[in-house]
Structures are given as structure tokens and as C-alpha cells.
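This report refers to the structure that appears directly beneath it.
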Protein chains: 2
Amino acid sequence: MANPSDGTARTVTIRDVAAAADVSIGTASKALNGRGRMRVETRDRVLAAAERLGFRPNPLAQGLLAGRTYTVGLVTGDSFGRFSIPVMLGAEDALGAGQISVFMCDTRDDPIRERHYVERLLARRVEGIIVTGRRTEPRPGIGRDLPVPVVYAMTQSTDDSDVSIIPDDEGGGALAARHLMATGRTRIGHVTGPQRFQAARRRAQGLTSALSSAGLSPAGEILYGQWSEEWGRQGADVLLHATPDVDAIFCGSDQIARGVAETLRERGRRVPEDVALVGFDNWEPMALGCRPPLTTVDMNLGEIGRLAARHLLDAIAGQPTTGGVTIVPASLVLRESTRRATP
Amino acid sequence: MANPSDGTARTVTIRDVAAAADVSIGTASKALNGRGRMRVETRDRVLAAAERLGFRPNPLAQGLLAGRTYTVGLVTGDSFGRFSIPVMLGAEDALGAGQISVFMCDTRDDPIRERHYVERLLARRVEGIIVTGRRTEPRPGIGRDLPVPVVYAMTQSTDDSDVSIIPDDEGGGALAARHLMATGRTRIGHVTGPQRFQAARRRAQGLTSALSSAGLSPAGEILYGQWSEEWGRQGADVLLHATPDVDAIFCGSDQIARGVAETLRERGRRVPEDVALVGFDNWEPMALGCRPPLTTVDMNLGEIGRLAARHLLDAIAGQPTTGGVTIVPASLVLRESTRRATP
DNA sequence: TTGAAAGCGCTAACAC
DNA sequence: GTGTTAGCGCTTTCAA
């Protein structure tokens, strides 16, 4: 279709179309863009020629003239990992619909590379930049007074006037707590990641607040540790020793929850009959591989990406997107690990 | 830096630089590109002006003239999943070094979307396209007689004349087998994914060939099933019943291996003392979370991506990249699950 | 209704 | 050494 007959791959220009339709270049342009007035016959002749030759307008030339590139940059420090991918998909969704293409760059969490990529993107005249990360921890922005709008997704700039879209860690924790209480649990423990992570602290905070609204408090200490299965196994042991009558455990991640589930099984506690279990992330391979499959908090990462993209599009369109942090609500995915306890 | 004083974000053109340095546009261009001969003083004056104004050449204009865009497209059907990501990183690595930027597109495994994205990439005048996938299964190509070179990475076109870079599933299977034999195992079972997957069949084939070279054959039937932990648990049960004296199990994926490991533990078989275990994928969260941590085959996906990118760059540069399939060797990552059995 | 010409930002000949 | 010119592919006046 691109080059019907011969093997040479020369690109078809509007000049070729005009020649084939026996009109001037200007007329061909108008015909192709439906602009201006002209005889239907002429327009059809041009369109037919374009079709026949497989003409595609060169967006570089169009952009050069329009002063636009219809591209944005997507910078990630997460090596396109588990968190940034859904965000990217959401963003691509929203952007692709608007005919905007996305340049991807992976910084490997290296500020030098990041700087380098941002330069490159600006040189390419992207119309905006989305920055995603592995953590919601505030991080230095990618630069002040950049000539294009920037949105931080699933990460947050230390500069409050920047636009950041982050998940609702606290709300997610509360969601888990309320669900566990609704299934009749009252002695709810918490095993989570390192305390230095904002995400861990906020999830714990959400749990604690929701419990305290019901006149409860967490069972035992909140156990901060690592984001690993190994820690889940250890943490569960610690919890079972300190608070043997625990009847539910909320975990800071699905990986931790898997570790916890293993220890529970080995200690003879049935899930969910004896102890209910809630994870965080809804990382399906983990949550579904768990025994039993894991009820878990979903951060709606795709929505974060879509929202980030929409903010960016608005900013590009000149809308006065007000800076600041937007929090996307989390939701709960119900599975076997919290089936209601038989009364 | 971009726009020093005022708030307006007007882009600085070479015209501005020339004016500021009080030279003609042509001279400014030469100075900036180190082309032609000129007084050092003039060159410095231009460079200083460019620096001061924060001039960045507009690559659209440059490309328009050069007839190049310095971009390639990356089309994935894997939703940027576990397999395509490392491939993409590898590709980005090789391309980024050459100042080529990457447009990413996710087709969600939908041919319509794929067609659409390919059109869009071609319209954008990418200089080449890399197609990645979730499976190595041959798939219809993205189009014949495209005006730019195409390379399939981690997937394969049904058209043998296309360039495809795939992992060495068979070699990986053989690697696992030889390693198990080297640690003294002789009754080696195999639990893997659905037989309709080429990857599953090839891994099994690799195992079988390597064993037979040593005068051995697999312990029991080769158990084809699903790519899930659940199946790993079941498969291990089946295997233990049919072949109780099995002393090693090679699994078609790390997820399956985790399931197998669980069943083994529950049946009182120690890993690796009684039964050694090898997985496939080196998917770290899975392999490291396993008890014990899993020895597993790594497909070197990053290398697949790098190689794909290099093929593409060669093709773009006009090198007669010969079509056909390139197989990237796998390697073995040693962990606890195959520590040598004490003699 | 159509065509001619200017210009988007840049580079490469070729004059001066 | 430096400036002038033409032109990459396209859109958009403005004249015919």
C-alpha cells in the first residue's frame, strides 16, 4: 500500500499528489484538509490521487509550520516497573486518543540520566512531560521554569506548586480496615514496609484512624520492616507471638501478605477462618498465587496515569491547571482471604 | 535557563542567535555545527550568544532538511509487561546511545489497535519499528512492504524473511538439565505450561535432549498444564505420585516452580536436599520470594532488546541485515534451590 | 475556483 | 571568512 509498484521506498509528498491530480500544491493542500472552497470534482481528484499514491502528510513539516509537535515525553525512574507501567498505559490511553505520541525515557533512577533525557525531550520540542516513579516520596522536580508543563504521576515533586497525582495510601489503609471490621474482625494487626516510606506511614495511618473511629486500635505494634515476602514471614511470627489472638492482618504490600499467609498456614491458622488477610497493590501474579487468593487494595494506577495525561493536555491547551497534589481514590478487590467469618 | 528573564516561553531560533551575535543566519549555523572555516572570535561570539539565549536547534527543522526523524517506534502487545519491559530497556539502551528517541505504543494485543499505531508511526516518519510480544509464538507480521525496517523481538513473524530475535528456550532447557545432572541428579521431572506454547515445547525438548545425551530420560511424563502457581502445586502432586523417587524438578516458569516448591514442602520433601528445583524466567520477585530462593534460567531479555535495536540501526544505516531468526543464548542464575546434594 | 508566493527553522551550496 | 540563496514538505494568505 505504501509503495504500490516499485521497490524504492521514496516517500510521497504533496507535490507528487498535486502533480498526479494536475493541480497546484496549494490546491492539493486545501483539498486534503477540506479547507477553502473548490469544485467537488477537483477535491475528489486530489483525494483519489493521494489515496492511490499512499500519501501521508509529513507531520514534521506540518508541525514546523504550526509550531507544534504533538508529542509529549514520559520519564520514568522505575525502569518501567510494576508501578509505572499501569500509569503509563493510562497516560498513553488519554494521550493517544488525542493523537499525541509519547516518547519514553527510562532514567534508571539516575539524576544524571534524567537531566540528560529532559534536555533531549525539550530539544525535541515535546509539548509536555509526565514524570513517573517507583515511590510516592517527594523528589526534587526535573527543573524550574521549563518551557513546557510537567506533571508528576505516582510520584511527587518537593515543590508544592508542581502538579502531582498520587494514590490514596491513607484512604487505602482505611478501606482495608473498614472492610475487615465489616467482616467481624476486631483484633487487626499490621505488617508493612520500612517506616521511612511515606506510603508505609500513610497506609498505617489510614488503618489506625479507621480503627479508632470504631473505638479500636491496631492489634499489637505496627510492624515496619521490608517490602519483601521474607519480612512478611518474620513479621507474622513476631505478631503471632506478641498478639496470639489476632484475627486479621492488614499488610503493606501483596508480597508481604504472601509471606504472612505462609507463616499463618505453617502455624496452623486458617485464612480467612481464623485470620483474615488484606494486601496492598493488587499485583495479580502475587495476589492470585497466594493461598488463598488475596483481598487487596488497588491504587488505580491506570486512573492516575489518565488523570496525569488529562492535566497535561489541559495545560498544553492553555488551561490554568492549578498546581498542587491530586489524590486518586483506591479501591478494594475482594478475594478469598477475607471471606466473612462464620458467626 | 530556558528563558532567562521574562515569563514568555517563546522559543529561541537560530535567527535570534544570529542577530545577537551580529552575523548572518548561515554563519550562525556553521558556527553552531563546527562546519566551515571562520574566525575563532566569530565562532565564539555565536556560541556565546546561543548559550546566553538558551538556543536549542529545532530537530523538526533539522530532520525536515535531512529527511530523517531520528525516531523509531516500539510496538508491544504485552501491555509493557514482564517480558517486553526488559526488552524495551535493552532496546532503549542501544537506541538512546545513538540519539534515537523511541515512540512507545501499546496495542493491548488487539490487531486493530496495532494496525492503527503502525499507521501513526509511519505517518510520523519513524525510521524503523521494533515489535515485541508476550509470547515467542510466530505471529502475522505488521505489514508487508513497509517503507521502514521492522524487527521482531521476543516474538516472531510468520514470515521467515522478517528479522526476529528470540530467546533460546531449548538451550535454556538444556542448561537446566545439565546443571541438575552436574549436581548429581538423575531422576529429573518436568512441570511446565500449556503444550500449545512453542516455548513450553522447546524447553521440554531442550531438557529431553540434554538428558538423553547423558543416557537419561525425564522422570515420568512431561506435565503440561498452565503458567500458574496453582498448576505448579497440582503438577508436583501428580509427579510425586507417579514418580516418588524424583530427585529434581525443572519447571517451565518461576511461577510454576513456586507452586511446586510449596507442594514439596508440604509433602515433606526438602529443597534442595531431597529434590532440586530449577525455574525459568528469573522473575526476581518470584524467584527470590520462593523458599528456598530459586535457581532459574534467565532469557537475557535485555540482550534481546539490544540486539533488536542494533539490527534495526544497521538496517536504517542501509546495512544488508539478512532476514531470519536470531536466537539469544539463555543463562542460568544459581540460587539455593539447587545447592549440590551432599554425597 | 484555482494558482503563486511567502514562510515555518534549519543547512548546504556557492558567491563575495 | 562571511553572507546570500535555495530548498526540505507543508499551510496559508492573497491575486488572478
Side-chain angles (χ1 to χ4, degrees), chain A residues 2 9-50 53-71 99 122-127 147, chain B residues 2 9-50 53-71 99 122-127 147:
Chain A
R10 204 180 72 75
T11 5
V12 180
T13 75
I14 197 171
R15 184 189 250 75
D16 303 320
V17 175
D22 198 32
V23 295
S24 77
I25 293 183
T27 304
S29 171
K30 273 178 274 188
L32 290 167
N33 296 293
R35 223 75 58 118
R37 248 169 263 294
M38 67 200 318
R39 281 218 310 269
V40 180
E41 191 273 328
T42 311
R43 187 182 303 278
D44 289 348
R45 192 147 38 86
V46 173
L47 293 178
L53 299 177
F55 170 74
R56 306 169 196 282
N58 184 331
L60 272 70
Q62 292 179 310
L64 181 55
L65 208 53
R68 300 196 52 181
T69 57
Y70 303 96
T71 59
Q99 293 285 85
L122 292 177
R124 282 212 180 266
R125 299 293 198 272
V126 294
E127 300 184 24
Chain B
R10 205 181 72 75
T11 8
V12 179
T13 75
I14 197 170
R15 185 189 249 76
D16 303 320
V17 175
D22 198 32
V23 294
S24 76
I25 294 184
T27 304
S29 172
K30 272 178 274 187
L32 290 167
N33 295 293
R35 225 73 59 116
R37 248 167 264 293
M38 67 200 317
R39 279 218 313 269
V40 180
E41 191 272 328
T42 311
R43 186 180 303 276
D44 289 349
R45 192 148 37 87
V46 172
L47 293 178
L53 299 177
F55 169 75
R56 306 168 196 282
N58 184 330
L60 274 68
Q62 291 179 312
L64 181 55
L65 205 55
R68 299 196 52 179
T69 57
Y70 302 98
T71 60
Q99 293 286 86
L122 292 177
R124 282 210 180 268
R125 299 293 196 273
V126 294
E127 300 184 25

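So you know, we letter chains A, B, ... as the sequences are listed, proteins then strands, and number each from 1.
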### Query
Do the side chains of A:V12 and A:R56 get nearer than 4.5 Å, heavy atoms only?
no
### Task
Round to the nearest Å and state the distance from A:I25 atom CD1 to C:dA6 atom P.
14 Å
### Task
Measure the distance from CZ on A:R39 to C1' on C:dT2 and round it to the nearest whole Å.
9 Å
#### Entry: All salt bridge (Lys or Arg N to Asp or Glu O under 4.0 Å) counterparts of A:R39, not counting sequence neighbours
A:E41
### Query
At under 4.0 Å between heavy atoms, what does B:R37 touch on the DNA or RNA strands: base, sugar-phosphate, or nothing?
base
### Message
Can you measure B:N33 atom CG to C:dC10 atom P for me and round it to whole angstrom units?
### Response
10 Å
### Query
So which of residues 60-68 of chain B are in contact with DNA chain D, with a heavy-atom cut-off of under 4.0 Å?
B:L64, B:L65
### Task
Please work out which residues in residues 43-50 of chain A have a non-hydrogen atom less than 4.0 Å from an atom of DNA chain D and list them by number.
none
### Query
Closer than 4.0 Å, any side-chain N/O of A:S24 to the OP1 or OP2 of C:dT2?
no
#### Entry: Side-chain donor/acceptor of A:R45 to backbone N/O of A:A21, under 3.5 Å
yes
### Query
Are side-chain heavy atoms of A:R124 and B:T71 found at a separation under 4.5 Å?
yes
### Query
What's the CE-P distance between A:M38 and D:dT12, to the nearest Å?
14 Å
### Task
Provide, to the nearest angstrom, the distance between the CG atom belonging to B:N58 and the P atom belonging to D:dC10.
17 Å
### Summary
dist A:S29:OG -> A:Q62:CD (nearest 0.5 Å) comes out at 8.5 Å
### Message
Judged by each residue's nearest nucleotide on DNA chain D, which is more toward the 5′ side, A:R35 or B:V23?
### Response
B:V23
## Note on the structure
Side-chain atoms of A:T42 come closest, of D:dG1, C:dG3, C:dT1, to C:dT1
### Task
Starting at atom CZ of B:R15, determine the distance to atom P of D:dG3, rounded to an integer number of angstrom.
15 Å
### Query
Would you find a donor on one side and an acceptor on the other, under 3.5 Å apart, between the side chain of A:E127 and the backbone of A:R68?
no
Review item, nucleotides 13-16 of chain C N/O atoms under 3.5 Å of protein N/O:
none

### Message
Could you check whether any side-chain N or O of A:Q99 sits under 3.5 Å from a backbone N or O of A:Y70, counting only pairs where one atom can act as donor and the other as acceptor?
### Response
no
### Message
Measuring only between side-chain heavy atoms, which start at C-beta, is B:F55 closer than 4.5 Å to B:D16?
### Response
no
### Closest heavy-atom pair and its distance - A:A123, B:P59
O-CD, 2.7 Å
### Message
Measuring from atom CZ of A:R43 to atom CE of A:M38, what distance do you get when rounded to the nearest 0.5 angstrom?
### Response
5.5 Å
#### Entry: Listed nucleotide nearest any side-chain atom of A:S29, set C:dT2, C:dT1, D:dT12
D:dT12
### Task
Answer yes or no: is there a donor N or O on one side and an acceptor on the other, between the side chain of A:N58 and the main chain of A:L60, under 3.5 Å?
yes
### Message
Around atom CG of A:D22, are there more than 12 heavy atoms from other residues, nucleotides or ligands closer than 6.0 Å?
### Response
no
## Note on the structure
Taking for B:A28 and for B:R125 the nucleotide of DNA chain D with the nearest heavy atom, the one nearer the 5' end belongs to B:A28
### Query
Does A:R15 have any salt bridge (Lys or Arg N to Asp or Glu O under 4.0 Å) partners at least two apart in sequence or in another chain, and if so, which?
none
### Task
State, with a plain yes or no, whether a side-chain heavy atom of B:L32 is found less than 4.5 Å away from one of B:P57.
no
## Note on the structure
Angle separating the five-pair end axes of the helix from C:dT1-D:dA16 to C:dC16-D:dG1, nearest 10°, is 60°
